[in-house]
Number of protein chains: 2
Amino acid sequence: QGTRDHAPAQAALRDRLLSAVVSCFKRHGAAAIDTPVLELRETLIGKYGEGTKLIYELQDQGGELLALRYDLTVPFARYLAMNKITNMKRYHIAKVYRRDNPATSRGRYREFYQCDFDIAGQFDPMIPDAECLKIVHEILSDLQLGDFLIKVNDRRILNGVFAVCGVPESKFIPACSTVDKLDKVPWEEVRSEMVGEKGLSAEAADRIGEYVQLHGGLELIERLLQDPKLSQNKLAKEGLGDMKLLFEYLTLFGITGKISFDLSLARGLDYYTGVIFEAVLLQQENEHVEEAVSVGSVAGGGRYDGLVGMFDPKGRKVPCVGVSIGIERIFSILEQRLEASGEKLRTTETQVLVATPQKHLLAARLKLISELWDAGIKAEMLYKKDPKLLKQLQYCEDTGIPLAAIVGEQELADGVVKLRDVATREEVRM
Amino acid sequence: QGTRDHAPAQAALRDRLLSAVVSCFKRHGAAAIDTPVLELRETLIGKYGEGTKLIYELQDQGGELLALRYDLTVPFARYLAMNKITNMKRYHIAKVYRRDNPATSRGRYREFYQCDFDIAGQFDPMIPDAECLKIVHEILSDLQLGDFLIKVNDRRILNGVFAVCGVPESKFIPACSTVDKLDKVPWEEVRSEMVGEKGLSAEAADRIGEYVQLHGGLELIERLLQDPKLSQNKLAKEGLGDMKLLFEYLTLFGITGKISFDLSLARGLDYYTGVIFEAVLLQQENEHVEEAVSVGSVAGGGRYDGLVGMFDPKGRKVPCVGVSIGIERIFSILEQRLEASGEKLRTTETQVLVATPQKHLLAARLKLISELWDAGIKAEMLYKKDPKLLKQLQYCEDTGIPLAAIVGEQELADGVVKLRDVATREEVRM
């Protein structure tokens, strides 16, 4: 349940999609790493907030207690700490597992790919953070998914907001995960969850409401830097200062047109400590194909300066910022778009079919195809002793093989091969 | 335990290795598929003989009973049956899981990659089987792993041998898995396991011994086809006839020099029904590097005509033959060889570092690198506001970046960039 096989056409499409993502990650100088699908259970526990209950655990079979990885960020942090690495730019593309309620039509699975790019190390503020946003911008533009918006916020600003609205520190995380729902439900519902479930005062909730419904650009940052309450809060001030710097860098990258500083963005995970962001595709009312797939976020990430320290025996911190591309949702869109276009994706790369027009020529085919393979040419033949020529040409048409190399009795006698262009039916002897 | 992280250098090496394998699979016209890491437990049970006890099971968390895949062959058969596919040439490269005793120095892990190529469908005998052997030959030659030998046998021949030696049919499979040990232990030990543990008569064991110690080529096949006992056995006769045909095709492919018909080859898995094969690297006494890694089999496979039928509600069979490349052992060899050579593998593909020679030029760097990225050029910069030029050039040397694009105050004023070849220190303004 919640998993799927990829047939050749899907595997080919996914390959095309992942290639685009990898080529962006490589363009930004990232190295690849790989980690096991299995992690020690204790590595994963306590890192994902409400997500922890969705971790797949393995049966205790008399060894270590193991679980399937939930994301690629925690394994990366574990890897850095284990190997005492304090500086690294890496990407990692692999499957992760969540015992969630699958909604497969919306591209939500229990087994799914994540494509992560992260920068670890102590650097000058917001330079790596800005690069992560540039990467999201490049990938979503390259893939031509239509209009998109990248929402940006900072956990320090959110925590500052909670503080000045009178929320006790112990309730920052629950308040955060409630605010996170604002992209799906109206403020009234979020407010009532705050007051009811999370035990915030009605007054605090109302004050929070005034802030978290704000979004804009540099001018909003400037306004909040002047806000009589927020400007008195150390965390919020730091966050707003960095947000201003981030917008400067994004201006130099020329991408602020698609960036929105949005105070309602909270992100569900516990481990974020600074800037957070999330990209959403904007609904295109004219394109029915897009409408059918109600995708939400297609990329997200942020800064997590404390996570690596949780795996280091001495608690040594390694600041990190990273982005995860929501490849499954993008895949769903591309899949539906391909279907609607009627385009047929080739699932193999075969260049030439080795064919014979008469019987008793299997040996000639085997000899020729062997020569082609040894010369690095992608070649196939039918696995029949005496296939009909028509069937062989039909196979070319069905699978998109552009050329047929035909050896008949005459060609054998003359020491040549007849090369046929399947589409134009032109033939040359060579 | 028994798993490992891949650091960038290892990931790059593995990428190079997998690319070679994939390009061979594509050269032979295979399409890619993907299946989940998780399978229903019942799909895996009863397919692997003594291997079944090594299956990783997931905790019962109130849903389906799941396990981690043990190989890629059973999921492929399940996929064919589920989708009623009767004809397919596919490859699949993915991780599989075995709760085995790891021997990591010999490249034996609990989580490891398999690279499988299989041909499913009803075809004329031995044509796809011969192609599988050609593929093993191509890959092992391409990778320049030194001399190798591909052992070939047929389960029907083995079963015929057991039958004519007086082994009851119920003991074919246990006898088979005992014979399989002949590559590791001497005949005497195998014989005593047959008589002791497996309950064969001493007489039967001795008769088996006469056969399973034979190996050779066409002439051995001819001789056994004349063997007074074997030639009376229907299964053995079929197997030997097909083996002869296989050798004819392999002769046309020009690869019989590395093929040995070896009656001791048995392969551990239950599901084989016809030809079986296994490639081993031959020890090179002069090369100390190879000697250090005692690798055994580096590829194996065979025909399994009954497996797909086990997953079809009506038991419809789809004949299959396939090969699995033992990528982990090959990886261990390449890793040790690389280490011994002192060659440093680049882990990134960055073409140019954007650098500045003076302070207060971060904005210039951000603007230039953004242009480069947008033009598809692989570019990096240091994440510092004011890095020293020496540090920037040092980074190029450390990571193998060939070019530095330098923008200083003069270049900014002149509207140019200074492009420096890091190795030769040549500079051009452009």
Side-chain angles (χ1 to χ4, degrees), chain A residues 1 3-8 11-12 14-15 26-38 56-61 63-64 79 82-83 90 95 99 111 119 121 123-124 127-128 130 134 138 249 252-254 347-350 363 366-367 370 373-374 376-380 383-385, chain B residues 1 3-8 11-12 14-15 26-38 56-59 61 63-64 79 82-83 90 95 99 111 119 121 123-124 127-128 130 134 138 249 252-254 347-350 362-363 366-367 370 373-374 376-380 383-385:
Chain A
Q1 217 199 331
T3 70
R4 62 170 166 177
D5 293 321
H6 277 74
R14 178 169 296 267
D15 199 50
K26 286 186 173 173
R27 195 156 62 232
H28 287 262
I33 70 162
D34 190 29
T35 66
V37 161
L38 306 165
Y56 270 109
E57 301 188 2
L58 265 69
Q59 211 173 78
D60 182 355
Q61 291 167 314
E64 298 153 315
Y79 172 81
M82 244 173 88
N83 296 286
R90 82 89 177 81
K95 287 174 174 177
R99 223 159 39 77
E111 171 183 69
I119 300 170
F123 303 116
D124 281 326
I127 309 180
K134 177 78 171 86
E138 281 178 30
Y249 297 161
L252 290 164
F253 286 160
T347 58
T348 61
E349 298 177 8
T350 310
L366 289 172
K367 269 188 106 150
S370 178
W373 286 330
D374 292 343
I377 291 167
K378 293 169 192 147
E380 285 186 73
Y383 300 121
K384 294 274 172 195
K385 270 194 299 194
Chain B
Q1 217 201 330
T3 68
R4 61 171 169 178
D5 294 321
H6 278 74
R14 180 170 294 268
D15 201 48
K26 285 186 173 171
R27 195 157 62 232
H28 287 261
I33 70 162
D34 190 30
T35 67
V37 162
L38 306 165
Y56 270 109
E57 302 189 1
L58 265 71
Q59 210 173 77
Q61 290 167 315
E64 298 152 316
Y79 172 81
M82 244 173 89
N83 296 286
R90 82 90 178 79
K95 287 174 176 179
R99 222 160 39 77
E111 171 183 70
I119 300 170
F123 301 117
D124 282 326
I127 309 179
K134 178 78 171 83
E138 281 178 31
Y249 297 160
L252 290 163
F253 286 160
T347 58
T348 62
E349 298 177 7
T350 310
L362 174 61
L366 288 172
K367 269 187 107 151
S370 178
W373 285 331
D374 291 344
I377 291 167
K378 294 168 192 149
E380 286 184 74
Y383 300 122
K384 293 272 170 197
K385 271 195 297 194

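Labels below follow one simple rule: chain letters A, B, ... track the order of the sequence lines, proteins then strands, and each chain is numbered from 1. Note that these values count all heavy atoms, side chains included, but never hydrogens, waters or copies made by symmetry.
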Practice task
Measure distances from B:Ile377 to the heavy atoms of chain A and classify the residue's part below 4.5 Å as side chain, backbone, both or neither.
Solution key: backbone
Practice task
Could you tell me which portion of B:Ala7 (side chain, backbone, both or neither) has an atom closer than 4.5 angstrom to a non-hydrogen atom of chain A?
Solution key: both
Problem - Heavy-atom contact with chain B under 4.5 Å, split by part of A:Arg14 - result: neither
Problem - Heavy-atom proximity to chain A below 4.5 Å, by part of B:Gln61 - result: both
Handout entry: Residue pair B:Arg27, A:Asp374: steps toward the salt bridge (charged side-chain N to carboxylate O under 4.0 Å, His left out) verdict
Key = CA-CA 10 Å; B:Arg27 195 157 62 232; A:Asp374 292 343; over 6 Å; no
Completion exercise
Of the listed B:Lys384, B:Lys367, B:Arg90, the one with the largest count of heavy-atom pairs under 4.5 Å with chain A is B:Lys384
Problem - side-chain contact (heavy atoms from CB on, under 4.5 Å) partners for A:Thr348, two or more places apart - result: A:Arg346, A:Thr350, A:Glu380, B:Ala31
Problem - Proximity breakdown for A:Ala363 and chain B, heavy-atom pairs closer than 4.5 Å - result: both
Handout entry: Best-contacting candidate, B:Ile33, B:Thr35, B:Leu366, B:Leu38, against chain A by heavy atom pairs under 4.5 angstrom
Key = B:Leu366
Practice task
Give, as side chain, backbone, both or neither, the part of A:Glu111 having an atom under 4.5 angstrom from any heavy atom of chain B.
Solution key: side chain
Completion exercise
With sequence neighbours left out, the residues meeting side chain to side chain donor-acceptor pair (under 3.5 Å) with A:Lys378 are A:Glu349
Fill in the blank from the handout: So, the part of B:Glu138 with a heavy atom under 4.5 Å from chain A: the answer is side chain
